[in-house]
Amino acid sequence: MKILINPKYGYLRGTLERLPGDFEAKGRVIHSGRNLIKVFQTEGVDVNVKRYAVPPLINRIAYSFFRLSKGQRAFAYPERLLRKGFETPEPIAYIEERMGGLIGYSYFVSVQSPYRRNFCEFGNADVKSCEEVITAFARFTARLHESGILHLDYSPGNILFDKLDDGYHFSLVDINRMHFGRVSMRKGCANFARLWGKTSLFILMAREYARARRMDEERCVRLVLYYRKRFWDRYRRRHQVWFDLDI
């Protein structure tokens with residue numbers, strides 16, 4: 001077993017070393033799918049543990065010898081966001097089990113985010129009911145992109161938020177797929193494609209994003225709507241969509 005621990009949480013080493021053996025029987029499930037996410041409370045800390053499924057053979061070989069695994073990237077990337085002032089759950093540890101020399105289950109352990117809202121709630125929302133948060137989010141995304149950070153899985157469940165005394169705060173999760181470097185207008189506009197919402201919501205988002213980055217508003221609206229339509233047209237061929245796409 002390979003284990004990497006954030007020095008700040010070194011006192012949890014014993015608990016973390018036992019985690020793979022305890023994972024099935026303990027904790028509260030908050031997401032069940034190919035990857036399983038549970039929340040544990042240990043020594044006064046609410047801990048989020050994501051167990052990554054055993055990869056297909058070719059990826060097991062790649063992750064074992066040539067590339068960082070998803071969990072290891074999820075452990076490494078938060079520091080880069082936090083250093084630039086963007087919220088993401090603080091990493092605690094990365095744990096990797098090996099079978100026959102190849103990666104098996106791996107675990108990313110982080111502090112559980114206190115934010116309980118995410119962008120799934122805007123699927124059928126009227127833009128007037130969420131104008132304030134969408135405006136704040138568009139400006140947040142512009143700042144993220146201007147800082148050279150592109151979340152490659154910018155989907156509704158990966159954007160947590162809440163309104164605090166000083167305004168809306170956003171926290172990014174599932175950040176194992178990231179691009180660090182210049183974010184062009186086209187790449188930035190395409191980044192909104194996976195989000196849920198009506199056309200009017202995306203027009204507002206695109207205009208606010210363009211203003212924040214001092215880009216052409218009309219071109220930005222066209223690009224955002226183009227990439228949104230392209231993504232969802234492809235998605236609908238294989239999946240059912242429960243909300244009104246309004247395309």
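Numbers here are sequence positions counted from 1. Because the structure is a prediction, the values reported are computed rather than measured.
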Taking the side chain as everything from C-beta on, heavy atoms only, tell me whether F231 gets closer than 4.5 Å to L195. no

Is there a side-chain contact between P20 and Y105 (heavy atoms, below 4.5 Å)? no

Hey, can you tell me if W232 and Y235 have their rings parallel, tilted or perpendicular (30° and 60° cut-offs)? perpendicular

Restricting to non-hydrogen atoms, name the atom on F75 and the atom on F108 that form the minimum distance, rounded to 0.1 Å. CA-CE1, 3.5 Å

Taking R116 for its side chain and S113 for its backbone only, find out whether a donor-acceptor pair lies under 3.5 Å. yes

Check: Y115 and V173 side chains under 4.5 Å, non-hydrogen atoms: no

Are any non-hydrogen side-chain atoms of Y94 and V109 less than 4.5 angstrom apart? no

Look only at the side chain of T88 and the backbone of P78, and say whether a donor-acceptor pair between them is shorter than 3.5 Å. no

Measuring only between side-chain heavy atoms, which start at C-beta, is L201 closer than 4.5 Å to W196? no

Side-chain heavy atoms under 4.5 angstrom apart, residues restricted to Ile, Leu, Val, Met, Phe, Trp, Tyr: same cluster for F23 and L12? yes

Write down the atom of K50, the atom of I37, and the distance for their closest heavy-atom approach. CG-CG1, 3.8 Å

Tell me, with the steps shown, if R230 and D233 meet salt bridge (Lys or Arg N to Asp or Glu O under 4.0 Å). CA-CA 5 Å; R230 188 177 75 168; D233 280 348; over 6 Å; no

Side-chain heavy-atom pair H169, D162 within 4.5 angstrom cut-off: no

With a 4.5 Å heavy-atom cut-off, do S64 and R98 have their side chains touching? yes

Residues E24, R51: salt bridge by 4.0 Å N-O rule: yes

So which atom in N176 and which in R73 form the shortest heavy-atom distance, rounded to 0.1 Å? O-NH1, 3.0 Å

Presence of salt bridge, R194 and D153, under 4.0 angstrom: yes

Would E208 and R211 count as a salt bridge (Lys or Arg N to Asp or Glu O under 4.0 Å) here? Give the steps. CA-CA 5 Å; E208 291 295 335; R211 289 174 192 142; 2.8 Å; yes

Mind running ring pair (Phe, Tyr, Trp, His ring centres under 6.0 Å) on F137 and Y154 for me, showing each step along the way? CA-CA 12 Å; F137 172 69; Y154 215 42; 5.6 Å; yes

So do the side chains of I95 and V49 get within less than 4.5 Å of each other, counting heavy atoms only? no

Can you confirm if the aromatic rings of F119 and F161 lie within a centre distance of less than 6.0 Å? yes

On a heavy-atom basis, the closest approach of C130 and F122 is CB-CE2, 3.5 Å

Please confirm whether the backbone N or O of G14 pairs with a side-chain atom of R18, one donor and one acceptor, at under 3.5 Å? yes

Please find out if less than 6.0 Å separates the ring center of Y209 from that of F192. yes

In short, L150 meets H145 closest at the heavy-atom pair CD1-NE2, 3.5 Å

Taking all non-hydrogen atoms of both residues, which atom of I103 and which atom of V54 are closest, and how far apart? O-CG1, 4.3 Å

When hydrophobic residues are tied together by side-chain contacts of less than 4.5 Å, even through go-betweens, does I92 share a cluster with Y52? no

Do R207 and E218 sit within salt-bridge range, that is, some charged N less than 4.0 Å from a carboxylate O? yes

